[in-house]
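In what follows, a structure is listed as structure tokens, so that the remarks can point back to it.
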Amino acid sequence: SFPVLHLEELVTTACIASAATSNNSELPSVQASGLRFLITVLKAFGKELDASTNDGTTVLEQYSSQIISVVRHALNAESLLVESVASSGFYRLFATGCEALFVMIKGGFVSDPVVIKRLLQPLLLASEDVPFVAFGGKDDKLFMKSNHVTDDSRSFPMFRLSKLCFAARVLMMIEVGDMNQSAASAINHELEKGEVDRSIHSAAAAIDGFLLSNASTEKSRSGLPTTGLTFENISDVGELIRDELVENWPVLATSSIVSLLRAIKDAPEDSGQRESLELWLSKLKPLILIGLRGALSEFKPGEGRISVSETAALFICSLRLLVGYNSMEICPDELGDVILMLTDSVFFQLLGLSDAADERTHPVVLPHSVFEESTILMQQACGFIEDLCKKQADATATELALLSHSVMKPLVALQGKQIKLHISYSIILSSCVRSSIILLLCQRGEDRMHLEKALVQLSLSTLKDISSDHLDELSKKLKEPCLSLLRSCSSNTSLKAGEWGEIAIYALSNELWDAWAIVCASLPPGVGIKCSINAMKGALGDLNNTSRHVGAIVALRVALHSIGTEDPSLICFVLHHVGFEVLQLLRAYSLRLAPGEGFDENRVNVCAEAVKVNMIAFQYLCSISGQEDTSAIFLLTLFQVLVESVSFNGLPGNVLDTRNDGANENIGRMCAQVFVHVVRSNPLVFKSTIAAMAPETRTVLENAVRADMSGYAAPKREKKKLSLKGFR
């Protein structure tokens, strides 16, 4: 775009204005305007990568020293006020500096712990500024008042309030996981100093901000409150302070809850401090519930402001903590209302399942930018529902019904093709799948059987749609929850063995290899694998369809490893049916006999998995006494294939001097390791096996064993020394 071509001029102009002076006197009003312009530049270009470096750095990093310098200057506005002629602009400059630093941290512009520590020093509140105060006290320790001679005492408390608001905002950004780890640890280390006292003053400011916010609405006729926790008289507080309280009371309240709960956890039982902290906490709970209702009522995906989504996310985050705190009970009716609001206002609106969209077969998918803006809200809302599902033992029948409605309706819509599989839906859908696993445990009898059958169908159909449409990004988010759901259903099932046999066949027929392996591993030994062994035989034996091989052989190895520990005799059953196909696959891939789409990409993996399957069979034979002859016959067949592979692919270090087209020495080394493993684990069987081999084949095998045991070191050749005695 055009502005990026003049980025240097934009940054320079903003920085010059942010440090403007006249006759060696500060111009705080001009500096604040320059900082606001700099904030606009940071928001517009903060995440734009520098194409000239191509190393992941942003275009603004080259100006970091200038930007950090002017922001630090603004954060020192409180000390500048003492040194300068009294001016009402310094508190605005300080507030703007706090906003600039927050934007820099949120955008990842500053992450160095040393830089962050230096920038935070002017923002830390001293213990005398925020003393511990019990709720309902008659002293004025909570009052915001000026402690300097200034021409605007009604606005001077903006310094203290800005510090409280900044600490609250970064604390909640850390709490919702919207900050990188290094920056979060550095900020936490600084803010944990005096956190308990700061939380009380934040709570008092939040309560006053809430009351002022309610009084400023059109519905209120009583006017502004004449007094509050942080001011003795409303006339003592400037309009700027009132606006700041009204705007930031949600983040002040939510951050105060986070800090208060931490302090309560560390406080001794039955102590006076603990009782005082719990009293403050109880005063904030109604604010959270009322604020959440208001935020969700204003949330309109694609239409509302981003701040509404962020505010709702903060309320949900703090409510999750309150629900998890056993001593803070929330009325079941209030909790039910919250579940219903989250379901209708967040999940159904974003998925297009609201009442207005019910008549449409396929709701229109909202732009991806809408979901990006609502990411934190979706994460917190989904986390809240999952938390409640985990506490289902304490839930009332009404709460359980509401949770089931919230979780199951999106899944029913997904299975009924009412909504499409889309990457934007991944957060909500994956959370619903995880919650359904927990809700399944609450069901008994026929209800459980019907729900289990429906969830198995859902997981299989979703896995099939993900794989058939090649939705790689969605697969990363949704595949594992679906597999976990299938594992939960099969491990403690109410369905019959025959039904699970059909499920195993369906999974193999649709190339759902991971699902098949889970079914075989979770059911009683042999139930799943015996029903579907013919389908597995077909998948492994079809050399023309190379796309199926890697998934099938991996699934077979996983299933064999699982059933082998419970019923080793099943290994014999499996290899009796598919042993030839596994050896055929090993030979075809190691010798490049069936190249096709993705063949070379999966070649080493298929060979490795086929070798592992054969080693499982070898270990099984070794565990049965009196089967030495059978083991030798099995190894003779296997060694013939492995020797061919070594001859074709060679060994590391050019030991066999192989020059075949498509040779891969990693496969040759893999085969050599099998020889060494067998000779070390069962030398007698190894000796009888090679005795039956042809001399040429045995020579290749012996060379491979020697090479692997020597670490593929090239044979040393002694250099002939030139004797000078013969020359005269």
Side-chain angles (χ1 to χ4, degrees), residues 14-22 25-40 42 66-106 109-110 115-126 128-130 143-171 187 190-191 194 198 201-202 205 209 230-231 236-248 251-252 255:
C15 290
I16 290 174
S18 300
T21 59
S22 177
S25 298
E26 302 288 341
L27 300 176
S29 298
V30 177
Q31 293 173 1
S33 299
L35 265 183
R36 283 191 289 271
F37 179 50
L38 181 60
I39 291 171
T40 304
L42 286 169
Q66 299 170 251
I67 294 173
I68 291 174
S69 176
V70 296
V71 171
R72 185 187 295 118
H73 175 80
L75 296 176
N76 289 322
E78 191 172 7
S79 60
L80 293 173
L81 175 61
V82 179
E83 302 169 2
S84 305
V85 178
S87 172
S88 60
F90 282 103
Y91 56 81
R92 293 181 184 271
L93 175 61
F94 183 78
T96 310
C98 292
E99 175 67 21
L101 179 57
F102 179 78
V103 171
M104 290 164 63
I105 293 174
K106 186 175 183 179
F109 186 76
V110 287
V115 175
I116 290 176
K117 182 178 180 179
R118 290 175 180 173
L119 290 173
L120 287 178
Q121 293 309 308
L123 300 176
L124 300 179
L125 286 159
E128 58 268 18
D129 294 331
V130 283
F143 288 171
M144 293 185 294
K145 52 190 177 182
S146 171
N147 53 0
H148 289 76
V149 177
T150 174
D151 59 350
D152 190 1
S153 60
R154 297 171 69 244
S155 297
F156 185 86
M158 189 68 179
F159 287 109
R160 179 169 169 271
L161 183 57
S162 295
K163 295 176 183 179
L164 288 174
C165 292
F166 175 83
R169 293 175 73 185
V170 294
L171 179 63
I187 293 173
E190 295 299 321
L191 293 184
R198 188 178 65 244
H201 288 260
S202 296
T230 58
F231 53 86
D236 297 336
V237 181
E239 184 177 352
L240 184 64
I241 298 291
R242 293 199 297 268
D243 293 342
E244 192 77 1
L245 286 171
V246 169
E247 180 182 351
N248 290 286
V251 71
L252 288 168
S255 68

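Here the structure is a predicted model, which means the values were calculated and not measured. All residue numbers in this chain count up from 1 along the given sequence.
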Completion exercise
Rounded to the nearest 0.5 Å, the CG atom of L80 sits from the CZ atom of F94 at a distance of 11.0 Å
Handout entry: From CG (L101) to CG (L75), nearest 0.5 Å
Key = 5.5 Å
Problem - Distance, nearest 0.5 Å, that separates CG of L123 from CD of E78 - result: 10.0 Å
Problem - Separation of I187 CD1 from I116 CD1 (nearest 0.5 Å) - result: 5.0 Å
Exercise for the section: Identify the residue among V71, I39, L35 that makes a side-chain contact (heavy atoms from CB on, under 4.5 Å) with E99. Expected result: I39
Practice task
For N248, check side-chain hydrogen bond (donor to acceptor under 3.5 Å, both in side chains) against everything at least two apart and list the hits.
Solution key: E244
Completion exercise
Residues V30 and A20: closest non-hydrogen pair is CG1-CB, 3.8 Å
Exercise for the section: Could you check if a side-chain atom of Q31 sits within less than 4.5 angstrom of a side-chain atom of T96, using non-hydrogen atoms only? Expected result: no
Fill in the blank from the handout: side-chain hydrogen bond (donor to acceptor under 3.5 Å, both in side chains) filter on E190, not counting sequence neighbours, yields Q121, K193
Exercise for the section: Could you tell me whether the side chains of S69 and R72 share a donor-acceptor contact shorter than 3.5 Å? Expected result: no
Problem - Nearest-0.5 Å distance that lies between atom CG in N76 and atom CZ in F90 - result: 11.5 Å
Practice task
Considering non-hydrogen atoms only, spot the tightest contact between S18 and H73 and give its length.
Solution key: O-CD2, 3.9 Å
Handout entry: Closest approach of M158 to A95 (non-hydrogen atoms, all atoms of both residues)
Key = CE-CB, 3.9 Å
Completion exercise
Nearest heavy-atom contact between K163 and L124 is NZ-O, 4.4 Å
Problem - Side-chain donor or acceptor of R92 paired with backbone N/O of P28 under 3.5 Å - result: no
Exercise for the section: Could you tell me which non-hydrogen atom of S202 sits nearest to which non-hydrogen atom of L252, and how far apart they are? Expected result: O-CB, 3.7 Å
Fill in the blank from the handout: To the nearest 0.5 Å, atom CG of L240 lies from atom OH of Y91 at 6.0 Å
Exercise for the section: Output, in order, the C-alpha distance, side-chain angles, deciding distance and verdict of side-chain contact (heavy atoms from CB on, under 4.5 Å) for L42 and I67. Expected result: CA-CA 10 Å; L42 286 169; I67 294 173; 4.3 Å; yes
Practice task
Only counting residues at least two apart or in another chain, list the ones meeting side-chain hydrogen bond (donor to acceptor under 3.5 Å, both in side chains) with R118.
Solution key: none
Practice task
Heavy atoms only: give me the nearest R160-D129 pair and the separation to one decimal.
Solution key: NE-O, 3.4 Å
